[in-house]
Structure formats: structure tokens, C-alpha cells
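Sequence positions, counted from 1, serve as the residue numbers for this chain.
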Amino acid sequence: MKEFKNYNEFWPFYLSQHSKKSTRTWHFIGTTFVYICIALAIIYLNVWFIILAPVIAYGFAWFSHFFIEGNKPATFGHPLWSLRADFQMYFYILTGRLSREIDNLPEQYSAEK
């Protein structure tokens with residue numbers, strides 16, 4: 001796995017590993033379930049929903065990497081930065097800013113729109 005000096009260096013790589021829109025969609029669905037699980041844990045005061053959240057999220061994400069994107073999830077080499085990047089990608093999708101990020105990727109990370 002490539003080494004990065006900081007998160008800002010990692011972010012373009014992370015986006016390049018999510019070059020297909022369907023991969024990003026599966027991630028978005030998985031991350032949405034994280035929020036649903038957190039809400040359910042609060043509503044029902046049940047810690048099992050918190051435990052279930054990463055299982056669901058990673059299930060959707062890893063499915064997309066193995067069967068759609070055809071690459072190894074970045075979380076295997078950079079777990080904390082990948083988690084942060086997943087939430088950043090989620091909010092960029094929600095706010096309509098992700099297309100701009102993808103369009104501005106450096107040449108070595110050019111992604112499929």
C-alpha cells in the first residue's frame with residue numbers, strides 16, 4: 001500500500017479507489033446505515049445497534065470493492081484515514097460537492113466519472 005505523509009495526500013488516492021459511481025453509491029448506503037444504527041441505539045438504548053453499524057457499513061463497502069471496483073479496500077492499509085474519507089465522501093455526496101472533487105483529482109489519480 002502506498003504511503004502518505006498526511007490525510008490531504010491520502011484523499012485523492014481514496015477517491016481514485018472509488019472511481020465508479022456504483023461503488024460510491026454502495027458506500028453511501030452503508031454509511032447511511034451507520035446513522036440509522038446510531039439512531040436506533042439511542043431510541044432503544046441498545047448497544048447491539050452500535051456493534052451492528054460497522055458490520056453493515058463495511059459489508060456494503062467491501063462488496064463494492066471486491067465485486068464492482070475490483071480493488072482492495074483502502075481501509076486495509078489506512079483504517080483511520082479511510083474512515084474519515086468515507087464520511088467526507090458521504091457529506092460531499094449529500095451536498096453535491098463530490099463531482100467537483102473528482103474533476104479536480106491530480107492526473108495520477110484521474111477517476112472514471
Side-chain angles (χ1 to χ4, degrees):
M1 175 80 38
K2 185 173 172 19
E3 291 300 318
F4 303 96
K5 294 176 192 159
N6 56 49
Y7 177 78
N8 289 334
E9 257 185 34
F10 175 76
W11 172 243
F13 169 77
Y14 182 86
L15 282 183
S16 76
Q17 298 302 292
H18 300 79
S19 67
K20 296 180 178 162
K21 187 174 182 175
S22 54
T23 301
R24 296 188 300 269
T25 300
W26 282 105
H27 276 66
F28 187 86
I29 292 167
T31 303
T32 298
F33 273 107
V34 168
Y35 292 112
I36 291 169
C37 285
I38 291 169
L40 291 172
I42 293 168
I43 291 166
Y44 294 107
L45 299 174
N46 189 331
V47 72
W48 286 106
F49 288 112
I50 299 296
I51 294 167
L52 189 58
V55 173
I56 294 172
Y58 282 120
F60 278 96
W62 291 356
F63 169 84
S64 70
H65 282 287
F66 295 129
F67 298 107
I68 296 169
E69 196 74 40
N71 62 17
K72 186 171 122 183
T75 193
F76 291 171
H78 303 283
L80 295 179
W81 283 349
S82 292
L83 182 62
R84 177 180 171 188
D86 182 69
F87 284 109
Q88 182 173 346
M89 185 170 70
Y90 183 86
F91 286 108
Y92 279 12
I93 290 169
L94 270 181
T95 59
R97 295 170 46 195
L98 190 63
S99 293
R100 185 177 64 210
E101 288 291 310
I102 292 169
D103 289 343
N104 291 327
L105 282 174
E107 183 74 24
Q108 75 260 31
Y109 294 121
S110 64
E112 172 187 317
K113 276 69 170 189

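Atoms CZ and OG1, on Arg100 and Thr95 in that order, are 8.0 Å from each other to the nearest 0.5 Å. Between the CG atom in Asp86 and the NE2 atom in His18 there is a gap of 6.5 Å [rounded to 0.5 Å]. Expressed to the nearest 0.5 Å, how far CD1 of Ile38 lies from CG of Leu52 amounts to 11.5 Å. With rounding to the nearest 0.5 angstrom, the CG atom of Leu98 is 13.5 Å from the CZ atom of Phe91.
Counting heavy atoms from C-beta outward, His27 and His65 have side chains that approach closer than 4.5 Å. Phe49 is not listed as a side-chain neighbour of Ile43, based on a closest heavy-atom distance of 4.5 Å or more. The side-chain heavy atoms of Ser99 and Tyr92, taken from C-beta on, include no pair separated by under 4.5 Å. Two residues are said to be in side-chain contact when any heavy atoms from C-beta on lie closer than 4.5 Å; Ile93 and Thr25 fail this criterion.
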- Message: Go through it in stages, so that I can follow the logic: the residues are Trp62 and Phe76, the test is ring pair (Phe, Tyr, Trp, His ring centres under 6.0 Å), and I'd like the CA-CA distance, side-chain angles, deciding distance and then a yes or no.
- Response: CA-CA 10 Å; Trp62 291 356; Phe76 291 171; 5.1 Å; yes
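Taking the six-membered ring where the residue is Trp, the centroids of Phe13 and Trp81 are separated by 6.0 Å or more. The six-membered or imidazole ring of Phe4 lies away from that of Tyr14, with a centre-to-centre distance of 6.0 Å or more.
When every heavy atom of Asn8 is checked against every heavy atom of Asn6, the shortest pair comes out as N-OD1, 3.1 Å. Across all their heavy atoms, Ser64 and Thr23 have their closest contact at OG-CG2, 3.5 Å. When all heavy atoms are compared, the tightest approach of Thr31 to Phe87 is CG2-CE2, 3.7 Å. Scanning both residues, Trp48 and Asn46, for their nearest heavy atoms gives N-OD1, 2.9 Å. Here the shortest heavy-atom pairing between Pro12 and Tyr109 reads CB-CD1, 3.5 Å.
The backbone N or O of Ala74 sits less than 3.5 Å from a side-chain atom of Ser82, completing a donor-acceptor pair.
Every residue meeting the ring pair (Phe, Tyr, Trp, His ring centres under 6.0 Å) condition with Phe60, not counting sequence neighbours, appears here in chain and number order: Trp26, Phe33.
Hydrophobic clustering (side-chain heavy atoms under 4.5 Å, transitive across Ile, Leu, Val, Met, Phe, Trp, Tyr) keeps Leu45 apart from Ile42.
Between Met89 and the options Arg24, Glu101, Arg84, Arg97, a side chain to side chain contact (heavy atoms under 4.5 Å, CB included) holds for only Arg24. Each of Ile36, Ile29, Val34 was evaluated against Thr32; a single residue qualifies, Ile36, per the side chain to side chain contact (heavy atoms under 4.5 Å, CB included) test.
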